[in-house]
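To start, the structure itself, in C-alpha cells.
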Protein chains: 2
Amino acid sequence: MDRAKQAKLESAGWVVGTPKEFLNLSAEDEAFIDMKVALAATLRERRVDQHLSQVEAAKRLHSSQSRVAKMELADKTVTVDLLIRSILGLGGTREMVAAAITR
Amino acid sequence: MDRAKQAKLESAGWVVGTPKEFLNLSAEDEAFIDMKVALAATLRERRVDQHLSQVEAAKRLHSSQSRVAKMELADKTVTVDLLIRSILGLGGTREMVAAAITR
DNA sequence: TCAGGATATGTCCGATCTGACATCTTGTCA
DNA sequence: TGACAAGATGTCAGATCGGACATATCCTGA
C-alpha cells in the first residue's frame, strides 16, 4: 500500500494492518475522504504560497499550530467545515475550494 | 430585508432585528454561509428529483426527518460535512458538490 | 555533530454537532 | 370543515470537534 492510500485510510479512522483494511469503504465514503485530502492539500498550498509557517497561519486563523498540522494531514478529527473556513481564512476563494473538491 | 438574506443570516446564528444585523459578516463568513445555503439547496434538489419525502431520505441517510429538514434549511446546527455526506448519500457526485460551492 | 526552527503526534475539556423524539404548522383532497 | 401526509421547530443526551498544551520528530545551516 502506498503512502497516500495509507494516509487516506488512516484519516478515515482505519487502522492499517487489520482486517478492516480490506473491508470496503463505500464509494461515498471514499469520495468524501478524497475531498478532505484534496482540501487539506489546498490549504497547505495556500499557506506555503504565502510563505507562512504553521505557527503564523495558526495566528491568522485564530487556531493553533497543532491544529493546522492536523488540518494539512486531513486528520480524522478535522472537519471539512474547518478546512474550508481555513482556506477562505488564508485568502482562498470559493473557486479554489470547488477546484479542490473536483480534484 | 428579503427572505433569502434573512435565512442566510439566521443560519449563521444571527438574530435578525438586533444591532448585530448591521455588523458586517466578513467576506469569508459570507462566502461560507453562501456555500452552506447552496449545498442545502442541492440536497433538496437531489431528494425531490428522486421523489423522496424527508422521511424516506432520512432512512437512506440513517438520519431523521427533522435533521433532513434542518439540513435543507441550512440550519446553524448543520455542518457542511453533513451536507456533503448527505448529498453523496443521495447519489450526488463530487461535481455536484463543487457546482454548489461555486453557485 | 548540534542548535533552533518547523512540523507532527497525543491528550484534554469546553463547545458544537447529530439522531431522535415530541410537537406544531402547512398543504391538499374529499 | 377535518383528516392525513409532509415539512418545520424545539429540545436533549451522547458523540464528535477544536483550541490549547506538552512533547516528539524532522530539517537545515554552521
Side-chain angles (χ1 to χ4, degrees), chain A residues 3-4 6-16 28-29 32-33 36-37 39-41 43-90, chain B residues 3-4 6-16 28-29 32-33 36-37 39-41 43-90:
Chain A
R3 285 176 177 282
Q6 180 169 339
K8 194 176 80 173
L9 287 166
E10 287 176 351
S11 80
W14 299 115
V15 177
V16 173
E28 296 147 46
D29 289 341
F32 187 72
I33 294 165
K36 258 182 78 167
V37 170
L39 288 166
L43 177 62
R44 175 159 285 179
E45 283 162 20
R46 292 289 316 149
R47 176 177 67 80
V48 172
D49 280 356
Q50 295 174 62
H51 309 290
L52 300 175
S53 67
Q54 289 184 346
V55 169
E56 292 165 328
K59 192 157 296 182
R60 292 200 191 186
L61 298 173
H62 306 292
S63 182
S64 63
Q65 178 270 325
S66 59
R67 187 127 308 268
V68 171
K70 286 172 218 255
M71 284 190 237
E72 294 185 355
L73 296 170
D75 185 273
K76 73 177 168 183
T77 72
V78 169
T79 62
V80 165
D81 290 65
L82 185 61
L83 286 168
I84 292 179
R85 279 189 279 103
S86 297
I87 289 170
L88 296 175
L90 291 187
Chain B
R3 285 175 177 282
Q6 180 169 339
K8 194 175 80 173
L9 287 166
E10 287 176 349
S11 80
W14 298 114
V15 176
V16 172
E28 297 147 45
D29 289 341
F32 187 73
I33 294 165
K36 256 181 81 165
V37 170
L39 287 166
L43 177 62
R44 174 157 286 180
E45 284 163 18
R46 293 287 316 147
R47 177 178 66 80
V48 172
D49 280 357
Q50 294 175 60
H51 309 291
L52 299 176
S53 66
Q54 289 184 346
V55 169
E56 292 166 328
K59 192 158 298 183
R60 292 202 192 185
L61 298 173
H62 306 291
S63 183
S64 63
Q65 177 270 326
S66 59
R67 186 125 311 267
V68 171
K70 286 175 222 271
M71 284 190 236
E72 294 184 355
L73 295 170
D75 184 273
K76 73 177 167 182
T77 71
V78 168
T79 61
V80 166
D81 272 77
L82 185 61
L83 286 167
I84 292 179
R85 280 189 281 105
S86 297
I87 289 169
L88 296 176
L90 291 187

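Since this is a predicted model, take the numbers as computed values, not measurements. We name chains A, B, ... by the order of the sequence lines, and we start the count at 1 in each one.
- The shortest distance between the side-chain N/O atoms of A:Ser66 and the OP1/OP2 oxygens of C:dG10 is not below 4.0 Å.
- In this entry the distance linking CD of A:Gln50 with P of C:dA6 reads 16 Å, nearest Å.
- Contacts of A:Val78 with the nucleic acid, taken as non-hydrogen atoms under 4.0 Å apart, involve only primed sugar atoms and P, OP1 or OP2.
- Taking atom CD of A:Glu56 as the reference point, atom P of C:dG5 lies 13 Å away to the nearest angstrom.
- At least one side-chain heavy atom of A:Arg67 sits under 4.5 Å from a side-chain heavy atom of A:Leu82.
- In this structure, A:Asp81 and B:Ser53 both approach DNA chain D, and ranking their closest nucleotides by distance from the 5' end singles out B:Ser53.
- Judged by closest nucleotide on DNA chain C, A:Gln54 is the one of B:Arg85 and A:Gln54 placed further toward the 5' end.
- Contact of A:Gln65 with C:dA8 (side chain to base): a donor-acceptor pair of N or O atoms is detected under 3.5 Å.
- Within 4.0 Å of B:Ser64, counting heavy atoms only, lies at least one base atom of the nucleic acid.
- Using a 4.0 Å heavy-atom cutoff across all strands shown, B:Thr77 reaches at least one base atom of the nucleic acid.
- Listed nucleotides: C:dA8, D:dG7, C:dA20. Nearest to the side chain of B:Arg67: C:dA20.
- Atom CD of A:Glu72 is separated from atom P of C:dT9 by 12 Å (rounded to the nearest Å).
- If you measure from atom CG of B:Asp75 to atom C1' of D:dG10, you get 10 Å, rounded to the nearest angstrom.
- Projected onto DNA chain C by closest heavy-atom contact, B:Leu82 and A:Lys70 fall at different nucleotides, the more 5' of which corresponds to A:Lys70.
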A:Glu56 and A:Arg47: salt bridge (charged side-chain N to carboxylate O under 4.0 Å, His left out), yes or no, with the steps? CA-CA 9 Å; A:Glu56 292 165 328; A:Arg47 176 177 67 80; over 6 Å; no

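- The side chain of B:Arg44 contributes an N or O atom lying less than 4.0 Å from OP1 or OP2 of D:dA8.
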If you apply the rule side-chain contact (heavy atoms from CB on, under 4.5 Å), what do you find for B:Asp75 with B:Val78, and how did you get there? CA-CA 6 Å; B:Asp75 184 273; B:Val78 168; 4.2 Å; yes

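- Using a 4.5 Å cut-off on side-chain heavy atoms (C-beta onward), A:Arg44 and A:Gln54 make contact.
- As rounded to whole Å, 15 Å separates atom P of D:dT9 from atom CE of B:Met71.
- For the OP1/OP2 pair of D:dC17 and a distance below 4.0 Å, the side-chain nitrogens and oxygens of A:Thr79 include no atom meeting the criterion.
- The interatomic distance linking B:Lys76 (NZ) with C:dT18 (P) rounds to 14 Å, in whole Å.
- Spacing between atom CD1 of B:Ile84 and atom P of C:dC17 amounts to 15 Å, rounded to whole angstrom units.
- Considering only heavy atoms from C-beta on, A:Val80 stays 4.5 Å or farther from B:Thr79 through its side chain.
- For B:Lys59 and C:dG19, the NZ to C1' distance is 14 Å, given to the nearest whole Å.
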